[in-house]
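Report on one structure; see the data block that follows.
All values derive from a computational prediction rather than experimental measurement. Convention: sequence-line order gives letters A, B, ...; per-chain numbering from 1.
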Amino acid sequence: MPLPNETMIEPSPTGRTGPPLAVNDTFDDLFARLFRERFSMLSRYLSRTTGDPALADDLAQESFVRLHARASMPNDPAAWLVSVAHNLLRDERRTTGRRRRLLARWHWLGDQTQRSPTSDARVLAEERETAVRRALTTLSIRDQRLLILRHEGFSYREIAEALDIALSSVGTLLARATAALSKAYRELPHASD
Amino acid sequence: MHPTDALWREFLDRESDPPTQRRLETHLDGCPICQEKAATVERERAFVAGLLDQLNGEVPSRSVAHVLGRPRHGAVRRQLTAAAVVALCVVAAAAGATIRTGVWQEVGDWLLGPRPWLQATPRDTSPVIMSDQAPASAISFDPGGEAEIVFAERQEQGEIDVVLDVGAKVSITASAPVAYLAGSRRVTVANRQSAASYLILLPRTLRRVRIRVGDQLIFLKQGTSVFTSVRPDSRGRYIVPFSHLPKSTP
C-alpha cells in the first residue's frame, strides 16, 4: 500500500547572525536562536564524520536535548554541542551491541523496508565518498574532525574548545591536515581530482 | 622573513587578529613569493573542501525547535509558559506543522467517547493563541514512512498510551506542557522533571516506528507487526506506565 508523500517542514532561515539579543533574553530565546543557527551545521558535521545521516540527525538532536536539560548556556555553546555529540557518538558505538541484544528478545519478522534502485550517478558518488573516507582514515581522528569542523564553518575558537586544543595551534594543525589529506587522496590508486 | 603556511591559512580563513590581518595584507601586496605561497594554500584548501563535499552531508531533518518554557513556579511560570507556547506555535506554524491544542479532559472524552482529533484538519498557518490555563500541549506531523519518538528521561509518574490510528499523522498529546524537538523522522520529548502522561496516535500505515524512553525501546511497529512488552487493552491501546520501566540510565 503506498504511503503518503512525506511532507517536509521547511527550515527557518539560518545564518551566523540574527537579530541582536535583548538584555532580558531568556534561556529559551537563546536556545531557540542557537538551534536555528547551529543545528544544521552540527548535523552536517556529524553526517560527514560518521557517514550515517540518520545517526547524525539523532546525535544532533540529542545534543540539543542535553543543552535544553542543562537549562543554562555554556561559555561556548557551539563547542559544547560538538563535545557532547562526540561523547554521544562514543556511547552510541558502545551501546549498539546492547541494543541488538535487547531486540533479540522480541520476535522479528524481517525487514520490510524497500530499497530504492541505485543509479549510475549514485554509484559514482558513493565510490567518490568511499575514496575520500579512505584518505581520511590515514589522518588521526582529531585531524579528521578538525578538517570537517572547519569545512562546516566552525570558528577556530570553537574548534579549539571542542577538540581541546590550543587556539594558537588550530591554523598550524589545519594547514598540516589539509596537506596530509590532499596527499593521501592523490596517492590513492585511480584517484581523480 | 616570510609568513608560514599556517599563518596564510589563518589569514585566508579570516581568523587572524586585525593587526595581523592588516600586516599580512600589506606584506602580500609586495611579495611575489608569498603571493604564490598564499595561492598554493588556497588551492589546497579548495581542493580539500571539494573532497569533503563528497562526504554525505545530507541533513535528513529540516528541523525547527519547538521549545516550551520550562516549568516554573507561580504566576511567573504561567506567564512564561503562555509566552513560550505562543512562540512555539508561531515557530511551528511558520514551519508548516500543525499544532493541536487540547486538555486532558478531552483525552478522557476520547477514551470514553468521540475522538475529535481524528477529524482531518486543514493545514493552519495562523498562530494559535493559547490560554495560559491550557494544561496540555500537542504536536502532530507527517512522518513519511518511518518515525521515532524518544522520551529523554524515565519519569517517576505518568504513562504512555499508544494507539494505532486511521489518520495520516503522528500526534503526541501531553497532559502538561513539555518541550519537543522535532525532526523529519524523530521527535524528542524533553520530559525532564515532568509528570505528564502522553497519548501517541500512530497511523496504521506507518511502515516503521520506534518509541523509546531513554535507551529503553518500549514499542516497535514494523509493517503490520507490533512488538511491545504490554498487551493492548480492549480498545486497542498499548499503555506503558513509566513506573513499570527499569530505572536504567538513558
Against chain B, label A/L46 side chain, backbone, both or neither, depending on which of its atoms sit under 4.5 Å from a heavy atom there. neither
In short, B/A152 meets A/V65 closest at the heavy-atom pair CB-CG1, 3.9 Å
With a 4.0 Å cut-off, would you call A/R150 and B/D13 a salt bridge? yes
Just jot down the side-chain contact (heavy atoms from CB on, under 4.5 Å) partners of B/L28, sequence neighbours excluded, or say none. B/W8, B/F11, B/C34, B/Q35, B/A38
Check: A/H151 and B/D53 side chains under 4.5 Å, non-hydrogen atoms: yes
So do B/L181 and A/F35 actually touch side chain to side chain, heavy atoms under 4.5 Å? yes
For B/D17, does the CG atom sit with more than 12 other heavy atoms under 6.0 Å from it, leaving out its own atoms? yes
Considering only heavy atoms, which portion of B/E15 lies under 4.5 Å from any heavy atom of chain A: side chain, backbone, both, or neither? side chain
Under the side-chain hydrogen bond (donor to acceptor under 3.5 Å, both in side chains) rule, collect the residues that match up with B/E25, sequence neighbours excluded. none
Residue A/Q144 excluded, over 12 heavy atoms near CD under 6.0 Å: yes
Heavy-atom cut-off 4.5 Å, strictly under: side chain, backbone, both or neither for A/A69 against chain B? both
Can you tell me which of B/V48, B/V41, B/V150 forms the most heavy-atom pairs within a distance under 4.5 Å of chain A? B/V48
Calculate, to the nearest 0.5 Å, the distance between atoms OG1 and CG belonging to A/T49 and B/L55 respectively. 8.5 Å
Let's test your reading of the structure: which of B/A190, B/G50, B/A49 forms the most heavy-atom pairs below 4.5 Å with chain A? B/A49
I'd like to check the side-chain contact (heavy atoms from CB on, under 4.5 Å) partners of A/R157; sequence neighbours left out, ordered by chain and number. A/D76, A/S155, A/L167
Hey, are the side chains of A/D58 and B/E148 touching, using non-hydrogen atoms and a 4.5 Å cut-off? yes
Determine which residues belonging to residues 174-184 of chain A lie within contact range of chain B, meaning some heavy atom pair is under 4.5 Å apart, and list them by number or answer 'none'. A/L174, A/A175, A/T178, A/A179, A/L181, A/S182
Rounded to the nearest 0.5 Å, what separation is found between the CZ atom of A/R186 and the CG atom of B/L51? 8.0 Å
When rounded to the nearest 0.5 Å, the distance separating OG1 of A/T130 from CD of B/Q54 is 11.0 Å
Indicate yes or no for a side-chain donor-acceptor contact from A/T172 to the backbone of B/A6 under 3.5 Å, with no hydrogens or angles considered. no
Pairwise side-chain contact, B/V187 with A/Q61, heavy-atom cut-off 4.5 Å (strictly under): no
Between A/S168 and B/E10, what is the shortest heavy-atom contact and its length? O-OE2, 4.2 Å
